[in-house]
Amino acid sequence: MDIFFFCIAWMPETAGGKGDLFSVERIISNGNDSKKFKGEDKMDGAPSRVLHIRKLPGEVTETEVIALGLPFGKVTNILMLKGKNQAFLELATEEAAITMVNYYSAVTPHLRNQPIYIQYSNHKELKTDNTLNQRAQAVLQAVTAVQTANTPLSGTTVSESAVTPAQSPVLRIIIDNMYYPVTLDVLHQIFSKFGAVLKIITFTKNNQFQALLQYGDPVNAQQAKLALDGQNIYNACCTLRIDFSKLVNLNVKYNNDKSRDYTRPDLPSGDGQPALDPAIAAAFAKETSLLGRDPGVPGSSPTSGSWHGACFSLLLSLPLSLSLWLPVAAVPGALSPLAIPNAAAAAAAAAAGRVGMPGVSAGGNTVLLVSNLNEEMVTPQSLFTLFGVYGDVQRVKILYNKKDSALIQMADGNQSQLAMNHLNGQKMYGKIIRVTLSKHQTVQLPREGLDDQGLTKDFGNSPLHRFKKPGSKNFQNIFPPSATLHLSNIPPSVAEEDLRTLFANTGGTVKAFKFFQRDHKMALLQMATVEEAIQALIDLHNYNLGENHHLRVSFSKSTI
């Protein structure tokens, strides 16, 4: 094994700040020829479980860097190069590193609102002299202690509460600043990344949405609290406040949208019944915990500044994003969409259409570039209707000199990301469209008096926006394009045959149809292909069925 060394330089403390490590420590290669560190690795280098992270903000902490890798697997080593605004991060497996690089190739990661860059290192293994980078190693060891259920470490810079063994497998969760709905399935999707979630009970107490969540092992509860307390489920809102409950077991009576026992699928739904057992409620009311922190007091949360500050989005949403939105074939080691129960995955993806993704904030890039359009067929209205399934389209501009391309401005960056992930690669008017983020920040309207042939349209005040109202149920019904369509607002006089004929007239084949048993205002209708369903949605959403009923058409997660 060849050993090569890099010098250490330590800037002495000055009146303005502390000393700073600005050059790399000793690294031992695994057989590569000795070479000098040049501060960068080739982006197209061979995969390695050691990743090179560049352009880090000067004030970034080791915890934030480690957090970049946690959603993809165990982080086994870290080397901070603060003077160079760089770091090396080693993951346990090469597969985890590949997944991480592929994900961040699709979505630029941000730390402290600054874009950073992640690539493979030339080094296959990272070994550091721990005495020269004690803080980074202490943080890593604290995280490892939680991951492997080790005993608490002494002499670390992590708060004592972060590594104290959990006394209960039950977590008490409060959602602060709940601007968008948080469903039971979303909680399950997030917290199951740390271990088997056995039971969840959700309820409202003191005008706050709260939950009790039980793991099979207290260590899993401890790990989840360490990683998630203080994080946002969606960008800049729905902040998790987590503490251990004094309860050690939850008694769930019903499996419904308020409570669920994942070990007892046979439980009744008990619609209309309270989810919280009276005995649990009594015990719960007596609990005293750290959850009484004042959300308006800076420093009262794990993040600096106001509790409602726009900290980086929920870390554990990353595997969810990978499994739902990135092509699995292109992401070795990524979670297959089939590995997540369809209902849970759909509900989690749907939740307000705003699953937090690093690099895409509510104030992020709102403009999409759509290319390879059928220029003979496409119109601003058709693009508004299709992209409106995933957000409130503000403006559409078909390019005058390139009519197979268009710019679409969404209401916020999360909606543009959602539309891109769901519609890129779909067939519209016989052509596979490509959807990417545009370099433009807004779609400009034509100058007054200039005729652009109707290629640009402002939809800002459209009554057809699906997501104008915060907390709307529409947030919970966002699904990928599918052959099955959900129809609603059907008048009593319209029969199945009427709807079959209407949808067949869009040029496709109706394969199946079913009215909802309890409500004939709604139905499921299945077309032969996803492309036909997309065409039907474009043509018939808001279609006037008479009696002042305009048909509402959405994609469904169900099949008939």
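Please read these numbers as outputs of a predicted model, since none were measured by experiment. When a residue number appears, it is its place in the shown sequence, counting from 1.
Taking the salt bridge (charged side-chain N to carboxylate O under 4.0 Å, His left out) definition, one finds that Lys521 meets it with nothing, sequence neighbours left out. With sequence neighbours left out, the side chain to side chain donor-acceptor pair (under 3.5 Å) criterion links Asp539 to Gln535. In terms of the ring pair (Phe, Tyr, Trp, His ring centres under 6.0 Å) criterion, residue partners of Phe513 (sequence neighbours excluded) are, by chain and number, Phe515. By the salt bridge (charged side-chain N to carboxylate O under 4.0 Å, His left out) test, Asp498 pairs with no residue at all, sequence neighbours left out. Under the rule for a salt bridge (charged side-chain N to carboxylate O under 4.0 Å, His left out), the partners of Arg500 that lie at least two apart in sequence or sit in another chain are Glu496. Legend: residues meeting salt bridge (charged side-chain N to carboxylate O under 4.0 Å, His left out) with Asp458, ordered by chain and number and at least two apart, are Arg395. Taking Ser556 as the reference, Thr484, His486, Leu524, Ser558 meet the side-chain contact (heavy atoms from CB on, under 4.5 Å) condition, with sequence neighbours excluded. With sequence neighbours excluded, no residue satisfies ring pair (Phe, Tyr, Trp, His ring centres under 6.0 Å) with His549. Shown here are the side chain to side chain donor-acceptor pair (under 3.5 Å) partners of Glu547, two or more places apart in sequence or in another chain: Ser493.
A cation-pi contact links Lys403 to Tyr400, judged by a cut-off of 6.0 Å to the six-membered ring centre and 45° from its axis.
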Donor-acceptor contacts under 3.5 Å from residues 502-512 side chains, at least two apart:
residue: Asn505; atom: ND2; partner: Thr501; partner atom: O; Å: 3.3
residue: Thr506; atom: OG1; partner: Phe503; partner atom: O; Å: 2.6

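Heavy atoms only, all atoms of each residue included: Leu91 and Leu51 are closest at CD1-CD1, 4.3 Å. When all heavy atoms are compared, the tightest approach of Asp257 to Thr202 is O-OG1, 4.1 Å. Considering all non-hydrogen atoms of both residues, Val530 and Ala483 come closest at CG2-N, 3.8 Å. Contact detail for His110 and Pro115: the closest heavy-atom pair is CD2-N, 3.7 Å. Residues Ile175 and Cys238 approach most closely at CG2-CA, 3.8 Å, considering heavy atoms. Heavy-atom minimum distance, Val553 versus Leu537: O-CD1, 3.6 Å.
For the pair Leu399 and Leu407, the minimum side-chain heavy-atom distance is below 4.5 Å.
Between the side chains of Asp176 and Gln208, at least one donor-acceptor pair of N or O atoms lies under 3.5 Å. No donor-acceptor contact under 3.5 angstrom links the side chains of Arg54 and Asn85, judged on distance only. At a cut-off of 3.5 Å, with distance as the only test, no side-chain donor of Arg49 or Ser121 sits close to an acceptor on the other residue.
The stretch residues 429-459 participates, sequence neighbours left out, in these ring-ring contact (aromatic ring centres under 6.0 Å, His included) pairs: Phe384-Phe459. The list of salt bridge (charged side-chain N to carboxylate O under 4.0 Å, His left out) pairs with a residue in residues 429-446, not counting sequence neighbours, is empty.
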Side chain to side chain contact (heavy atoms under 4.5 Å, CB included) assessment of Leu383 paired with Leu373 = CA-CA 10 Å; Leu383 291 171; Leu373 293 165; 4.0 Å; yes
Go through the steps for Met410 and Gln394 under the test side chain to side chain contact (heavy atoms under 4.5 Å, CB included), then give the verdict.
-> CA-CA 5 Å; Met410 308 296 288; Gln394 303 300 299; over 6 Å; no
Could you check Thr366 against Gln415 for side chain to side chain contact (heavy atoms under 4.5 Å, CB included), going step by step and ending with a plain yes or no?
-> CA-CA 8 Å; Thr366 63; Gln415 292 183 5; over 6 Å; no
For Thr204 and Gln210, run side chain to side chain contact (heavy atoms under 4.5 Å, CB included): C-alpha distance rounded to whole Å, both residues' side-chain angles, the deciding distance at 0.1 Å, then the answer.
-> CA-CA 6 Å; Thr204 299; Gln210 304 188 25; over 6 Å; no
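Note that CD of Gln444 is 8.5 Å distant from NZ of Lys397, once rounded to the nearest 0.5 Å.
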